[in-house]
Amino acid sequence: MSALPEDTPDPTAPPSAEKGLTPRQARLLRITVASVLLITLAVVLVLRLASRTSVLVVGVYGLAMVLCGVVIELSRNGRTRLGSWLLGVGLVAALAADWLLLP
């Protein structure tokens, strides 16, 4: 028979078994993802401008890059959930604008 109540966590269990990422790890993960997407969008912007010069191309990819910067700043300030939602919705909107608006 155990001396611990049933709802008490097992002290011998590894810490990762109790919950997922720590807040610091989540912030670093969002910052890393947003930074990689920022660099990727910059490369895609250069490639798209090489094939066709358009203000819409610069606008769509420029706004997506600004969004990545906003997500990085939100993550630095502890707003990882809001940053994640903005990054997801913003990237879907950028891809939709690329597919629908750009010739």
Side-chain angles (χ1 to χ4, degrees):
M1 184 160 168
S2 173
L4 296 173
E6 289 182 25
D7 60 342
T8 304
D10 184 13
T12 60
S16 62
E18 293 177 12
K19 58 182 174 179
L21 297 173
T22 64
R24 185 179 193 297
Q25 290 171 331
R27 282 192 305 270
L28 289 175
L29 179 66
R30 299 307 186 276
I31 290 170
T32 304
V33 168
S35 298
V36 168
L37 286 172
L38 181 65
I39 293 167
T40 304
L41 286 169
V43 170
V44 171
L45 176 62
V46 169
L47 294 174
R48 295 285 290 207
L49 284 175
S51 65
R52 65 181 86 110
T53 55
S54 172
V55 174
L56 284 176
V57 171
V58 175
V60 167
Y61 287 100
L63 286 176
M65 290 170 63
V66 168
L67 178 70
C68 287
V70 168
V71 169
I72 291 169
E73 192 59 32
L74 284 172
S75 294
R76 285 183 60 231
N77 291 320
R79 297 300 209 175
T80 54
R81 284 189 208 134
L82 176 62
S84 297
W85 278 103
L86 278 176
L87 188 61
V89 170
L91 288 177
V92 168
L95 290 174
D98 182 29
W99 185 61
L100 294 172
L101 296 177
L102 299 177

side-chain hydrogen bond (donor to acceptor under 3.5 Å, both in side chains) partners of [X], counting only residues at least two apart:
X	value
Arg79	none
Arg27	none
Thr22	Gln25
Thr80	none

Tightest non-hydrogen contact, residues Leu67 and Gly90, listed as CD2-CA, 3.2 Å
Write down the atom of Leu28, the atom of Thr32, and the distance for their closest heavy-atom approach.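 The pair with the smallest heavy-atom distance is O-OG1, 2.7 Å.
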Could you grab the distance from atom CG of Leu47 to atom OH of Tyr61, nearest 0.5 Å is fine? 9.5 Å
Between CZ on residue Arg48 and CG on residue Asp98, distance to nearest 0.5 Å: 4.0 Å
Applying a strict under-4.5 Å side-chain criterion to I, L, V, M, F, W and Y, I'd like to know whether [X] and [Y] cluster together.
X	Y	answer
Val58	Leu91	yes
Leu95	Met65	no
Val70	Val33	yes
Leu21	Leu82	yes

Report the residues that fulfil side-chain contact (heavy atoms from CB on, under 4.5 Å) with Ala97, sequence neighbours left out, ordered by chain and then residue number. Val60, Leu101
Exercise answer: donor-acceptor pairs, residues 34-45 side-chain atoms, under 3.5 Å, sequence neighbours excluded:
unit_1 : atom_1 : unit_2 : atom_2 : d
Ser35  : OG     : Ile31  : O      : 2.8
Thr40  : OG1    : Val36  : O      : 2.8

